[in-house]
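Residue numbers start from 1 in every chain, and the chains themselves are labelled A, B, ... in the order their sequence lines are given, proteins ahead of strands.
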Amino acid sequence: DQQVKQNSPSLSVQEGRISILNCDYTNSMFDYFLWYKKYPAEGPTFLISISSIKDKNEDGRFTVFLNKSAKHLSLHIVPSQPGDSAVYFCAASAKGGAQKLVFGQGTRLTINP
Amino acid sequence: DVKVTQSSRYLVKRTGEKVFLECVQDMDHENMFWYRQDPGLGLRLIYFSYDVKMKEKGDIPEGYSVSREKKERFSLILESASTNQTSMYLCAAQPGGNQPQHFGDGTRLSIL
């Protein structure tokens, strides 16, 4: 049972345009959501997070939106740059416990010059 | 910045061998985690530890065990390696609460 789903395995965007990566979840107990970026042969790097008490969080070119009623979150990257080409994972954790993360399958983003 | 170091980047072992993967963190974080990453499946949690000598099973613990004798070190053990354990293994550390986990660079393990 996949509690966190990224339905697009890949996405191709032109440099300078907006990249939008999507993520859906099923567990209503999730209250903390994160996005990680992963280059080949490296570990995932934390990008941005959002708590369930918010619906938007911004950090420079990166904005995460949370729609709790739809159980959907998205990551917007504006403007997209070649260095943004990587695999992006969304992750979620539930209230309490040791903050176990449940990850989506990942979306490979390619930024074309 | 948190530094999470995994002892090997690449490892090749034979079926039936006992395999040890080591992970060390330098920030005195409470929680440590072991994941495996497989294409199309994302990262799946094998085991985690929230204190020295404390451990809990994750989603796919079968065939694995862990050891945390010191706060900074978390070891993953494959008791008798099998070919379906060929994967990328990732270790992470976290201070606790709603804080991000910080990952090492991973160990690509091949079981022949």
Side-chain angles (χ1 to χ4, degrees), chain A residues 1-10 21-25 27 29-54 57 59 62 64 66 86-108, chain B residues 1-10 21 23-25 27 29-51 54-61 66 68 74 88-108:
Chain A
D1 177 32
Q2 191 79 27
Q3 296 186 71
V4 178
K5 287 183 184 177
Q6 295 175 255
N7 291 316
S8 299
S10 62
L21 296 98
N22 294 303
C23 180
D24 297 298
Y25 63 95
N27 188 343
M29 296 299 289
F30 287 150
D31 67 341
Y32 182 58
F33 303 87
L34 309 90
W35 284 94
Y36 282 86
K37 173 181 177 179
K38 187 179 184 301
Y39 293 119
E42 292 184 14
T45 303
F46 169 70
L47 205 51
I48 192 168
S49 64
I50 188 166
S51 162
S52 60
I53 61 172
K54 294 185 171 183
N57 189 26
D59 184 1
F62 302 93
V64 56
L66 176 62
V87 177
Y88 288 78
F89 292 98
C90 67
S93 68
K95 297 181 179 72
Q99 305 304 319
K100 293 191 297 181
L101 289 179
V102 179
F103 283 83
Q105 307 96 310
T107 296
R108 180 178 301 279
Chain B
D1 272 357
V2 181
K3 182 95 175 133
V4 178
T5 303
Q6 294 184 232
S7 54
S8 305
R9 293 300 299 273
Y10 301 94
L21 302 183
C23 175
V24 177
Q25 53 110 349
M27 287 299 291
H29 284 349
E30 302 297 324
N31 301 332
M32 295 189 75
F33 305 80
W34 274 106
Y35 296 88
R36 62 180 281 177
Q37 183 197 354
D38 300 289
L41 296 177
L43 278 70
R44 293 179 293 165
L45 181 64
I46 304 171
Y47 265 97
F48 67 99
S49 168
Y50 49 91
D51 203 350
M54 307 302 286
K55 60 188 179 185
E56 280 197 30
K57 293 179 180 179
D59 299 317
I60 52 165
V66 290
R68 194 167 180 200
F74 192 35
M88 168 69 86
Y89 288 88
L90 292 158
C91 174
Q94 183 208 37
N98 271 353
Q99 299 285 333
Q101 295 179 17
H102 297 275
F103 285 83
D105 281 338
T107 296
R108 185 161 292 284

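- Looking at Gln37(B), only its side chain comes within 4.5 Å of chain A, counting heavy atoms on both sides.
- Residue Leu101(A) touches chain B through both its backbone and its side chain, counting heavy-atom pairs closer than 4.5 Å.
- Taken from CG in Asp59(B) to CD in Gln3(A), the straight-line distance is 8.0 Å, to the nearest 0.5 Å.
- Heavy atoms of Tyr39(A) lying under 4.5 Å from chain B are absent altogether.
- If you measure heavy-atom distances from Leu90(B) to chain A, the contacts under 4.5 Å come from the side chain alone.
- Contacts of Ser49(A) with chain B are absent, with no heavy-atom separation under 4.5 Å from either backbone or side chain.
- Looking at Ala91(A), neither its backbone nor its side chain comes within 4.5 Å of chain B, counting heavy atoms on both sides.
- Between Asp38(B) atom CG and Gln105(A) atom CD the span is 12.5 Å, to the nearest 0.5 Å.
- Heavy-atom contacts from other residues, nucleotides or ligands closer than 6.0 Å to CZ of Arg108(A) number 12 or fewer.
- Residue Pro9(A) does not touch chain B at all, counting heavy-atom pairs closer than 4.5 Å.
- Taking both residues in full, the closest heavy atoms of Gln101(B) and Tyr36(A) are given as O-OH, 2.8 Å, listed atom of the first, atom of the second, then distance.
- Of all heavy-atom pairs spanning Gly42(B) and Phe89(A), the tightest one is CA-CE2, 3.8 Å.
- Chosen from Met88(B), Gln99(B), Gln6(B), the residue pairing most often with chain A at heavy-atom distances under 4.5 Å is Gln99(B).
- Taken from NZ in Lys100(A) to CZ in Phe33(B), the straight-line distance is 9.5 Å, to the nearest 0.5 Å.
- Atom CZ of Arg44(B) is surrounded by more than 12 heavy atoms from other residues, nucleotides or ligands within 6.0 Å.
- Closest approach of Phe103(B) and Pro44(A) over heavy atoms only: CB-O, 3.5 Å.
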